[in-house]
Structure formats: structure tokens, C-alpha cells
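Structure, as C-alpha cells:
In what follows, chains carry the letters A, B, and so on, assigned in the order in which the sequence lines appear, proteins first and then strands, with residues in each chain numbered from 1. Both backbone and side-chain heavy atoms feed into the values below; hydrogens, waters and symmetry mates do not. Given the structure is predicted, the values throughout are model-derived calculations rather than measurements.
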There are 2 protein chains.
Amino acid sequence: MDIGKYKSHDRLLVAVDCIIFGFDGDGLKALLIKRSLQPEKGKWSLMGGFVNQDESTDEAATRVLRQLTGIENIYMEQLYCFSDVNRDTAGRVISIAYFALINIADYNEQLQSEHEARWFPLDKIPTLVFDHKEMVATAKERLQSKVANHPIGFELLPEKFTLPQLQNLYEAIYESKLDKRNFTKKILSLSILNKLEEKEKASSKKGAFYYVFDKSKYRKLHREGVKFV
Amino acid sequence: MDIGKYKSHDRLLVAVDCIIFGFDGDGLKALLIKRSLQPEKGKWSLMGGFVNQDESTDEAATRVLRQLTGIENIYMEQLYCFSDVNRDTAGRVISIAYFALINIADYNEQLQSEHEARWFPLDKIPTLVFDHKEMVATAKERLQSKVANHPIGFELLPEKFTLPQLQNLYEAIYESKLDKRNFTKKILSLSILNKLEEKEKASSKKGAFYYVFDKSKYRKLHREGVKFV
DNA sequence: TCAAAAGTGTTATGAATACACCCATGT
DNA sequence: ACATGGGTGTATTCATAACACTTTTGA
């Protein structure tokens with residue numbers, strides 16, 4: 001590769017920062033860690049790290065997330081490039097933000113034990129380093145608009161879930177109440193759910209039927225994007 | 001600024017590339033120039049340039065566009081960060097793509113004369129350098145989805161425009177025909193247009209009334225985002 | 001007078017919304 | 001027996017979609 005032609009131009013530090021949204025049946029949460037390097041060491045922060053010469057930003061985001069949390073193979077997409085000259089107080093760093101969705105229960109133990117990561121309800125996010133607060137806000141907006149047309153909300157749930165759980169999730173994302181009957185009607189009309197015999201009995205006496213996705217129809221919707229909730 | 005802490009990390013060349021969409025009453029077009037530096041010098045390319053140490057990517061995009069085309073003060077927003085390791089054949093460069101909208105007639109002369117820039121209908125884009133083809137495709141998708149909820153389409157029209165012109169624009173963006181009566185009804189129901197006495201007589205014998213935006217209502221919609229066409 | 005584009009209303013269909021009662025069961 | 005959350009149907013409203021004729025006027 002002949003890099004000579006570009007030699008005279010500035011080179012910048014490029015970082016990735018990941019906003020990980022999680023759901024545990026009770027409000028949306030974001031995953032934060034204590035920043036491990038100066039400046040601002042010890043303050044709450046998104047998962048972040050620098051992009052290496054030999055990896056794309058997607059690869060960097062995947063790697064950083066794995067290194068910091070052990071999380072792999074989750075839904076993640078690029079959010080936005082944050083590039084204010086003074087966004088990082090220690091130097092010029094542009095950051096490509098990513099957002100991801102996971103089911104908290106799937107990962108909770110390893111996060112708590114092996115890594116100093118913690119879930120924060122979206123309305124109780126502590127002060128964050130740099131422009132990470134803005135990143136979280138942007139990610140939340142993106143999640144809301146994305147979830148309206150794509151069935152990505154399911155990434156936040158366990159494989160088996162009940163309709164009330166699904167509705168709770170949408171209510172958490174939209175921060176508003178939905179009508180139970182209308183919600184059920186709408187979701188079932190998409191016919192991407194298969195009802196199981198089994199019931200979830202923990203959260204009610206009557207018990208609620210579990211559902212799972214119909215993977216093939218689910219992927220079809222995922223690709224095409226459909227008017228969702 | 002203490003940059004010492006980050007010293008050991010890779011620094012990358014960061015570029016911006018601008019997809020400029022234009023409309024001249026007859027189909028959507030994209031603005032391209034002949035690339036002025038090696039490699040691939042002389043091939044068609046988006047407007048691009050490197051991001052300097054002391055500017056944000058927004059600022060870089062604005063500057064690059066001004067330098068290459070003289071265009072200023074137009075609607076522009078960040079599109080996506082393209083970062084494949086081998087996207088630029090001459091070295092590792094990540095690129096933040098921006099897309100912009102303008103009315104071709106407002107800028108045509110200066111573009112043709114002072115700069116080697118040319119408009120290409122979207123279905124006749126020539127072979128482009130690097131991953132610029134993908135950037136154009138991504139920008140087109142974004143334009144389509146954005147214009148459905150935000151009145152940014154108006155950026156592509158002159159200040160005074162007729163309803164048939166506006167409809168042509170939407171048809172060009174969506175690449176499909178719309179019903180004249182339904183379109184008129186919908187647009188007027190938003191009440192962001194003010195009808196003028198004056199008629200545009202060039203393109204028909206009867207003549208079509210000019211309209212202008214109601215700036216204040218327009219901005220309100222712009223902010224809030226409304227179900228549009 | 002005729003060709004070409006502008007302008008205009010009604011009906012039909014489907015989606016979103018509002019709304020209230022019975023069911024199953026563990027305590 | 002009763003308290004708790006789960007499950008179900010209908011009527012209304014509203015937005016979208018389909019559809020055709022008259023008007024104006026320059027050539």
C-alpha cells in the first residue's frame with residue numbers, strides 16, 4: 001500500500017464507544033463501567049476503546065465490547081460519529097458510537113463478577129465522562145425510532161417471553177403505556193410469534209403463556225422493516 | 001492538552017465525503033467531481049477531503065464542500081462512518097460520509113465554470129472510486145426514509161415552487177408515481193405552504209400557482225418530525 | 001379547436017384507538 | 001373468597017388509497 005500520497009495530512013485518534021441497552025422486565029437500562037485510564041479515571045463511562053490500524057470500527061466495537069464485558073454475538077449497529085474538537089479533554093479523539101441491545105439476564109453474572117460493569121436505569125444515569133451523556137441520548141432516540149419499524153426489540157428479551165413482558169419492553173422504550181388488547185392484536189397479527197404450551201408463573205397466579213419468534217418470518221421483517229408497534 | 005496518555009494508540013487518517021443531492025425539476029441528481037489526487041486521480045468521486053486536527057467532521061465537511069464547489073449554507077447531515085480496512089486502496093482511511101440537499105438551479109453556473117463538478121442522474125452514476133458507490137446508495141436510502149418524516153425535501157427546491165414541482169420531487173425521491181389529488185390534499189393539510197398570486201407559466205399553458213413555505217410552521221415540523229408524504 | 005398540464009371531491013378500505021369484563025389460580 | 005394479573009372483542013375514528021372530469025390558455 002502506497003501511503004505516501006496522504007502523508008501530509010493529520011492523523012487522528014479514533015475511538016469507539018458502545019451504548020448497551022438492556023432489559024430485565026422492569027425498565028430499560030444502560031451498561032456502564034468505571035473508566036480505567038486517565039483522564040477521568042474512575043468515572044462512569046460507556047464501554048470504549050481505540051480503533052486499531054488493522055480493524056474496521058465495527059470490528060473495534062465488537063472487540064472492545066468483548067474485552068470489557070465478555071459479551072459477544074449481540075445486535076449492534078453504528079450510531080453516529082462524535083467529533084467535537086474538545087470532546088475528549090485529553091486530546092483530539094473522534095469517536096464512533098455504537099448501540100447494542102441485550103437481555104440482561106443472559107449476561108448479568110459475568111458482568112457483575114468479572115468486570116466492573118453496572119446497569120443503570122435510563123432515568124438514573126450518573127454523570128458520565130466527556131460527551132457520553134449526549135451519546136446515550138442519541139442512542140435512545142435512535143432506539144425509539146428504529147424499534148417502530150424493525151423488530152429489534154426482541155433482542156432485549158429472553159428466547160421465551162410472555163406478551164405482558166413484551167409489552168413492558170415496548171412501554172419502557174417508548175416511556176408510555178400501551179393498551180393491552182391493541183398491543184396483543186397488533187403483535188399477533190404480524191404472525192412472527194409462536195405460542196408455547198408452557199406458562200410463566202412467577203409473576204402472576206394465572207400465569208402467562210410463553211411465546212418464541214418464528215425465526216424465518218422474524219428475519220424477513222428484520223430485513224424489510226415493517227410498521228411495528 | 002495532555003495527549004501523553006493516549007500516545008501508544010494508532011492514529012488514522014480521517015476523511016469526509018459528501019453526497020450532494022440536487023433537483024432540477026427532472027429527477028434526482030448527485031454531484032460528482034473528478035478526483036484530484038492519486039490514487040485513482042481523474043476518476044469520478046464524491047467531494048471529499050481529510051479532517052484536520054483542529055476541526056470537527058461537520059466543520060471539515062462544510063469546508064471541503066466550500067473549497068471544492070463554492071457551496072455554502074446548505075442542509076447537510078452526517079450519514080455514516082465507512083471504515084473498512086481496505087476501502088481506500090492507498091492506505092488506511094476512515095471516512096465520515098455526509099449528505100446534503102440543494103436546488104440545482106441555485107448553484108449550477110459556478111459549479112460548471114469554476115469547478116470540475118457535474119450532476120449525474122441517480123440511475124446514471126458512473127463508476128466511482130473506492131466505496132463511494134455504497135455511500136451514494138446509503139445516502140439515497142437515508143434520504144427516502146428521512147423525507148418521509150421530515151420536510152427536508154424543500155431544501156431541494158427554489159424558494160417559490162409549484163405543487164406539480166413539489167410532487168415531481170417526491171416522485172423522484174421515491175422513484176414512483178403519486179396521485180395528484182391525494183398529494184395536494186396531504187401537503188396542503190399540513191398548512192406549511194402559502195399560496196402566491198403569481199403563476200409559473202413556463203411548463204404549462206394554464207400555469208401553476210407558486211407556493212412558499214410558511215417558515216415558522218415549517219421549522220416547527222422540521223424539529224418535531226411529522227408523518228410526511 | 002385542440003393539446004397539455006392544472007386543479008379539484010367523493011367513496012372505500014384498512015389501521016389505529018378507545019374501551020370493560022371475565023378467567024385462572026395462589027393465598 | 002378474594003386479590004392479582006392474564007386474556008379477550010367491538011365500535012369509532014382517522015388516515016390512506018383509488019378514482020375522472022373540468023378548467024385554462026398558448027399554439
Side-chain angles (χ1 to χ4, degrees), chain A residues 25-27 144-145 147-149 151 157 160-174 176-212 221 224-229, chain B residues 24-27 144-145 147-149 151 157 160-212 221 224-229:
Chain A
D26 175 44
Q144 287 178 343
S145 73
V147 93
N149 294 296
L157 288 171
K160 296 188 299 187
F161 52 88
T162 66
L163 290 183
Q165 283 170 357
L166 185 59
Q167 181 172 345
N168 282 342
L169 169 59
Y170 275 85
E171 290 180 342
I173 292 174
Y174 287 124
S176 67
K177 288 285 168 195
L178 302 173
D179 181 88
K180 190 170 36 163
R181 284 164 292 189
N182 293 338
F183 181 81
T184 307
K185 202 189 316 170
K186 180 84 176 280
I187 291 290
L188 293 181
S189 76
L190 298 170
S191 58
I192 55 173
L193 297 188
N194 294 329
K195 191 176 187 171
L196 304 182
E197 300 287 305
E198 193 185 355
K199 275 189 168 184
E200 190 272 343
K201 308 273 290 182
S203 55
S204 78
K205 325 219 153 144
K206 183 176 181 181
F209 283 105
Y210 277 120
Y211 287 79
V212 294
L221 280 187
E224 296 173 4
V226 168
K227 193 75 198 303
F228 227 66
V229 177
Chain B
D24 60 2
D26 174 45
Q144 288 178 343
S145 74
V147 93
N149 294 296
L157 288 170
K160 295 188 301 188
F161 53 88
T162 66
L163 290 182
Q165 283 169 356
L166 185 59
Q167 182 172 345
N168 282 342
L169 170 60
Y170 275 85
E171 290 179 341
I173 293 174
Y174 287 125
E175 296 172 313
S176 67
K177 288 283 168 197
L178 301 173
D179 181 88
K180 190 169 35 163
R181 285 165 290 188
N182 293 338
F183 182 82
T184 307
K185 203 187 318 172
K186 180 84 175 279
I187 291 289
L188 292 181
S189 76
L190 298 170
S191 59
I192 55 173
L193 297 188
N194 294 328
K195 190 176 187 171
L196 303 183
E197 300 287 305
E198 194 185 353
K199 276 188 168 185
E200 190 272 344
K201 308 274 291 182
S203 55
S204 78
K205 325 219 154 147
K206 185 176 179 181
F209 283 104
Y210 277 120
Y211 287 79
V212 294
L221 279 187
E224 295 174 4
V226 169
K227 193 75 199 300
F228 229 66
V229 177

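B:Lys160 is not listed as a side-chain neighbour of B:Glu200, based on a closest heavy-atom distance of 4.5 Å or more. A heavy-atom distance below 4.5 Å is not found between the side chains of B:Leu188 and B:Phe183. Using a 4.5 Å heavy-atom threshold, the side chains of A:Leu193 and A:Leu163 count as touching. Residues B:Lys206 and B:Lys201 form no side-chain contact, since every pair of their non-hydrogen atoms from C-beta on lies 4.5 Å or further apart. Between A:Arg181 and A:Thr184 there is no side-chain heavy-atom pair separated by less than 4.5 Å.
In this structure, A:Tyr174 places its OH atom 12 Å from P of C:dA16, rounding to the nearest Å. When rounded to the nearest whole Å, the span between CZ of B:Phe183 and P of D:dT16 equals 13 Å. In this structure, B:Lys201 places its NZ atom 17 Å from P of C:dA4, rounding to the nearest Å. Between the OH atom of A:Tyr210 and the P atom of D:dG7 there is a distance of 12 Å, given to the nearest Å. Between A:Tyr170 atom OH and C:dA16 atom P the separation is 13 Å, expressed in whole Å. If you measure from atom CG of B:Asn182 to atom C1' of C:dG7, you get 14 Å, rounded to the nearest angstrom. Rounded to whole Å, atom P of C:dG7 lies 12 Å from atom CG of B:Leu193. We find that CD of A:Gln165 is positioned 11 Å from P of D:dG7, with the value rounded to whole Å.
Across D:dG5, D:dG26, C:dT25, the shortest atom-to-atom separation from the side chain of A:Lys206 is found for D:dG5. Residue B:Lys195 has its side chain nearest to C:dT8 when only C:dT25, C:dT8, C:dA20 are considered. Closest to the side chain of B:Lys205, out of C:dC19, C:dA6, D:dA27, is D:dA27. Set against D:dC19, D:dA20, C:dC19, the side chain of B:Asp179 has D:dC19 as its closest nucleotide.
Under 3.5 Å, the side chain of A:Arg181 and the base of C:dA18 form no donor-acceptor pair of N or O atoms.
Of the side-chain N and O atoms in A:Lys185, none sit less than 4.0 angstrom from OP1 or OP2 of D:dG9. For the OP1/OP2 pair of C:dA15 and a distance below 4.0 Å, the side-chain nitrogens and oxygens of A:Lys186 include no atom meeting the criterion.
Along DNA chain D, the nucleotide nearest B:Lys180 and the nucleotide nearest A:Ser203 are compared for position; the residue whose nucleotide lies closer to the 5' end is A:Ser203.
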